[in-house]
Amino acid sequence: MLRHLALACLVLALGGCGKVWNDPYPASRARANILYSAFSERPKHLDPARAYSSNETEIIGQIYEPPLQYSFLKRPYTLEPLTAQSLPRVRYYDKAGRELPADAPIGQIAESVYDITLKPGIYYQPHPAFAVDAHGGPRYLHLGAAGMAGRDSLADFHHSGTRELTAADYVYEIKRLADPAVASPIYSLMAQYILGLRRLGAQLEQARKNDPHGFIDLDRYALPGAQVTGRYSYRITLKGKYPQFLYWLAMPFFAPVPRVVDEFYRQPGMAQRNLSLDTQPVGTGAFMLTVNEPNRRMVLMRNPDFHAEFYPRHGMPGDAARGLLRDAGKRLPLLDGAVYSLEKENIPYWNKFLQGYYDASGLSSDSFDQAIRFGVAGQAELAPAMRVRGMQLITAVAPSIWYLGFNMLDPVVGGLDAKHRELRQAISIAVDYEQFIDIFLNGRGVPGQGPLPPGIYGYDPNAYDPWVYQRRDGRIERRPLAYARELLARAGYPDGRNAATGQPLVLYFDTMASGPDARARLEWYRKQFAKLGIQLVVRATDYNRFQDKMRHGNDQIFEWGWNADYPDPENFFFLLYGPNGKVKDGGENAANYANPEFDRLFEQMRYMDDGPARLALIDRMNAIVERDAPWVFAYYPKAFTLVQPWVYNVKPNFMANNTLKYRRIDPALRARLREAWNRPVLWPLGALAVGLVLAVLPAWRAWRRKERQAAR
Amino acid sequence: MMRYLVKRLFYAVPILLGVNLLTFALFFVVNTPDDMARLQLGTKRVTPEAIARWKAEHGYDEPLFYNPKAAGVDKITDTLFARKSAAMFLFDFGRSDDGRDIGQEIRTRMWPSLAIAVPVFVIGLATNISFALLMIFFRGTYLDWAGLALCILLMSISGLFYIIAGQFFIAKLWHLLPISGYSGGIHALRFILLPVLVSIVAGLGSGARWYRTLFQEEIGKDYVRTARAKGLSEVRVLFGHVLRNGLIPILTGAVAVLPLLFLGSLLTESFFGIPGLGSYTVDAIQAQDFAVVRAMVFLGSLLYIVGLMLTDISYALADPRVRLG
Amino acid sequence: MSLPFRPVILWTDALLFVLLAAVAVLAFWTVRNPQWRRPWARVGNSPVAVACLVVLGAYALIAVLDSLHYRPRLPQAVPGQPAQYSDTVRSVFDALTPDLWRVQEETYSAPLAEHLFVRQPQTLPDGQVVRVYPRLRIAAGSGPGQRWRDIARRALSGAAAGLAVGALCAGLLAWRCGRLRGARAWLTAAARGQAGWPARTLVATLTLVFVLVGVIAALAPAYHVLGTDKVGQDVLYLTLKSIRTGLLIGTLTTLVTLPLAILLGIAAGYFGGWVDDVIQYIYTVLNSIPAVLLIAAAVLMAQVYIETHVRMFDTNAARADFRLLFLCLILGMTSWTTLARLLRGETLKIRALEYIEAARAFGVGHGRILLRHVLPNVFHIVLISTVMDFSGLVLAEAVLSYVGVGVDPLTYSWGNMINAARLELAREPVVWWQLVAAFAFMSTLVLAANLLADVVREAFDPRRGGA
């Protein structure tokens, strides 16, 4: 033991960590203008055609630039041009190719056309794929096995170059969506809309039969739905009308990918070295990925060729007071880089944040007590210890919903008739999500009142679910348990017993819950159902089995959630649209809810432009779903973020994924505070040494005595 | 010796084949290629079309063991099992289900694993032996008794406790070391100290007790009595004779574990965020990444067999009476 | 008239009773057989072993009580209907300790606390919502401000009751054992440790256990002795329920695979030749697969099986039980190889003995030789390895739960508790009681098992002059 401690001291001394012993970063970087953050699961795909989950888009959002982006400060979420010169205006045509007015009825519209014109003078990050040789041709194409020898990472390609962004790059990426070797998650969806994409997909499938992973020049294939109309302009043609398409143009799926980059990465030998668009993205964005070790860290550095973009000058009322406009007009990005470290476990993540080694922390429910206190009146506020440290608490409700779904095909809980409806309503009342939010989320959620979360068009903060809540003395509160029991009795289960046979009502909860929190959560659900005398059997299983049950409709009650792809109600109501049924069509309607009236309204609503008529439809749809109760609208999660005092320009934006370029830090303050917060505590080392001596001393004496005796 | 090695290698093939067959059967009963595709494609907007495309891309679109569509021998060889096993024997582990090259991954993750496992092994062995020798040296006194009690107490506490307590006190309360993480080069030292320390303490109880038993047996033997009768001091007896003779079974036993050091430790690595093969395995289990699991099983059994061979060889080297044949 | 309960026999219950029966047979056989009685007598003469046996006995008693399962009858909703039984499976242990599970709190509360550990919203009469530390439901009876005095009073009376029972035990022992010298003389001798066997240790440990039980029983109606967890369940109850899981994993694992290990190990050693080759091949293959991966695959398979046979597993208890059983099976699969190898080696040695060769030459059947001569002579190895494996298996459960391939999340187990408690350590103020309780109960069990294993090995090891 002693030896190891001595060794430890030695190493620490040699390491030259100065006053701080536990700094996980090299001392040389202590004062760099670099943001430190973490990721909990390694991003699997960085290919813009493929990345879909939030931890992937968080990285590539900084690197790739689709034509549009969400405004950083404006609320409700609004689109603004990024590389496009302006927001594209859609034009509609009928079957005969005649242009239609904007308010033409949906039935007449055969095609929608979007013309997008880019800003000139935008350049890609430096990359070997753009390097040219003496003759002006690409330097690193057609390398062959000999050319690849000795090149294990991008650093082994000594030359690099850049190139101007052109419209062809955007069209190339749209074609990539159809490539089976790319396996884009939105291919099936886009094939319904983009003219000719499905045909291209079939052609590429044929081509890939002979060449599963090699380079296929997509420019040789025509795609009528996406065409280059000039060096800086291209046109997208959709079948029918799809007003939500503009939102897709703000996602990395529609970012530019130059053909030469694709060809570079598709060379033989690249994939074996983990060099591909999936691991080494190439974009025009404010940052570029310089280190990709997904087992440990990912490093983004400022793109030296980044085009001129400036911090917004106008925000929402109150933004200026919160200091969000202090950098107005400054050239972006404000950081030199960002380091994302892999942090799978919650506790180290939180502790490192407290020690100042991460600049912002999402809060897990358990670390929460330390940081946040609820005041006597129930408002969340920073705990004194955190306030002293100068931390800021930023809260916002996410455009997401968690719900407890009923399988509507199930004979016990499903069905649209009054009896089954009442059973579901009774359960909706009994499962007390206010308590859930309190215990498991520590207040980081808002009880759900319908399928639409805040931030989505059509959400009404004053509306409530009249079947579960009631207004009393001007306040909205959950209906009493007695009422739920009454509903249950009307549904044919007085006190949770079948009225005819006396058998107890047993319901099944299907979940893939695992992890440290699972047991407590499942126990909690059992408690909720027991309040009505219903016995809940928990069928916990792994992801695959769960999916399997859902697909075959063998589930009964399940927990699920949805994050908005874009801030349009269509993105939530389609989860309840009959023809999207999970069992029937493998769609996203996991509850298999199918109400003809709702479906009819949905078909109308989805193609409408925002306005009073659409709002009226949304209200009617909400009312139907609330009455039928195919979901228990559990809660809309709230994001609490704690931000260190040296971080500026943080405004939660759940739609935009490229907000890193607006962020600013004060490295000098950070270095000072880190030192103050991490003074090593040395007395345990001393105590240990003393303890060891005390334990060994008598033994030493005994040995000496024995020696002396032996000598005698 | 050469003949023995060749023979052992020859034996290894059916064992590895059996291992491969078993893993294939076990995991494909659980997860069909369709399941794997769904797992990788995530929850949003997964269509049958996307699944078919994923399977084709990852080479999972063939039958498992028997292909009725193919002709002749191809009925057996045009199958998932034949293809993937053949590749495995050539050390081509293919790509994980999430698309990264497994061979490359193993080569990079091996080093962090070794950076933890080797110090734990070497320092741990030294600590355990010294502790055991101390107990033997003080045998009959309160120190021996207290040491033994300490050993049994230490080994009765779950390894998880040491990790949790180590992180809580040393890293969180006392700010002595980083709580988790890893870095290449010289900086790695700061990160591996805590996991190494914790692992050594966790292994101290059972290790020291075991070695104490070995030494105790040794000390009862005739040659020790003779040595003592010659008037050698207790220290000389212990270090000159007991330790030297006791080391033989300890070292030959330890040799078997040597190759397995590559695989790292599941718990330590995942708790301390070490990007080694241990955490790779845990992640693969949790993500049900079959390609990685299969590669790790193959690697594990290969190293196990190498360990067996090394044990035999070291026995032969240590004891000339043992002959390999 | 129908029963007020319907007995339920889970798979693991059945196996546990088989195990108990086996132990009983073994005990009977031991008593009759002097060759076996001797080493056991040596174990019984060790004070450490006696203390450990008392502790293990207490654990085992809880596990057995917790394995007698039943479904309580529901009150009749409409007269004349057939009796209906709840789907909640309870055990005799539950029936004996209603104080521990009847009252559940909202969420965390510290050991012996009066108030919840976190603020909860409460609506005032004027409709305003405030956040306060509410009183615990369980403590509603005792007056405020009197807590420590109340606790001391209850603890003292409980301890006194425990002491009384301990004294009663001592008296009974004296009455039984003191017939020769008189009870008083025996008592004084035993108190000096001169009873000829560790009677003093036995009485002391027993009394300690009784005092603990007494204190807990006195406190439990009004306090959560070890606090409550996130959903307000009593931590003491969770820990005690976990005993069954820990013990089952430690014992059933060996039980289910013992026949396999004995059969294959002895067969390989005795018959040699191709039988030996095949068996060696099997266990090298099994051994060379990293155990965690094998366990992960098996647990997944259990889940597949449960999901494809949903009808068979219609209660939480049945599902959790099957997964536990499967875990035992597969843990056994990964550990039987060591025992089989030991047995093979020992059998090889025995086979070469002269009298066996002679028996074979006289044409005595293989079965007879194996049963009469080989099995009894390798049995000590089986016993030692069973005892030695036990503690390792109990500890392994916690680790497997962490990797995500352990018992069902709804099973009460130390692994699940520790796993949940990891997050609690990050809270401030720290919620430590769940972690400490799980580690303490687990370590006590393992410590007792380890100490006992030491004694048993010493007593049975032939090299130390044992059997």
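Naming: A, B, ... by sequence-line order, numbering from 1 per chain.
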*asked:* Does anything in residues 549-558 of chain A reach chain C? List residues with heavy atoms under 4.5 Å apart, or say none.
replied: A/Lys549
*Of the backbone (N, CA, C, O) and the side chain (C-beta and beyond), which part of C/Glu106 lies under 4.5 Å from a heavy atom of chain A, both, or neither?*
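For C/Glu106, heavy atoms of backbone and side chain both lie under 4.5 Å from chain A.
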Mark yes when over 12 heavy atoms from residues, nucleotides or ligands other than [X] sit less than 6.0 Å from its [atom1]; otherwise mark no.
{"X": "A/Arg387", "atom1": "CZ", "value": "yes"}
{"X": "A/Asp432", "atom1": "CG", "value": "yes"}
{"X": "C/Trp101", "atom1": "CH2", "value": "yes"}
{"X": "A/Leu481", "atom1": "CG", "value": "yes"}

*Checking side-chain contact (heavy atoms from CB on, under 4.5 Å) for the pair A/Phe440/C/Lys230: CA distance, chi angles, key distance, verdict?*
CA-CA 8 Å; A/Phe440 292 98; C/Lys230 194 167 194 165; 3.8 Å; yes
*asked:* For a 4.5 angstrom cut-off between non-hydrogen side-chain atoms, does C/Asp229 reach A/Arg519?
replied: yes
Given heavy-atom pairs under 4.5 angstrom as the criterion, report whether the side chain, backbone, both or neither of [X] touches chain C.
{"X": "A/Asp495", "answer": "neither"}
{"X": "A/Arg539", "answer": "both"}
{"X": "A/Glu434", "answer": "neither"}
{"X": "A/Val538", "answer": "both"}
{"X": "A/Gln535", "answer": "side chain"}
{"X": "A/Ala500", "answer": "backbone"}

*Smallest separation among heavy atoms of C/Val231 and A/Lys527, with atom names*: O-NZ, 2.8 Å
*For C/Gln84 against A/Thr501, the heavy-atom pair lying closest together*: NE2-O, 3.2 Å
*Can you measure from CD1 (A/Ile534) to CG (C/Asp87) and round to the nearest 0.5 angstrom?*
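It comes to 12.5 Å.
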*Would you give the length of the straight line joining atom OH of C/Tyr412 to atom CD of A/Glu523, rounded to the nearest 0.5 angstrom?*
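Spacing of OH (C/Tyr412) from CD (A/Glu523) equals 5.0 Å.
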*Using modelled atom types only, decide if a donor and an acceptor are shared between the side chain of C/Glu307 and the backbone of A/Thr541 within a distance under 3.5 Å.*
no
*Looking only at atom types and distance, does a side-chain atom of A/Arg497 sit under 3.5 Å from a main-chain N or O of C/Pro75, one as donor and one as acceptor?*
yes
Do you know which of [options] has the most heavy-atom pairs with chain A at a distance under 4.5 angstrom?
{"options": "C/Thr411, C/Leu238, C/Asp408, C/Val431", "value": "C/Leu238"}
{"options": "C/Arg319, C/Gln104, C/Met417", "value": "C/Arg319"}
{"options": "C/Ile306, C/Thr88, C/Val299", "value": "C/Thr88"}

*Winner by heavy-atom pair count (cut-off under 4.5 Å) against chain C, out of A/Asp548, A/Val537, A/Val506*: A/Val537
*Do A/Arg526 and C/Asn316 pass the side-chain contact (heavy atoms from CB on, under 4.5 Å) test, and can you show the C-alpha distance, the side-chain angles, and the key distance before you say yes or no?*
CA-CA 11 Å; A/Arg526 274 170 56 177; C/Asn316 287 321; 3.6 Å; yes
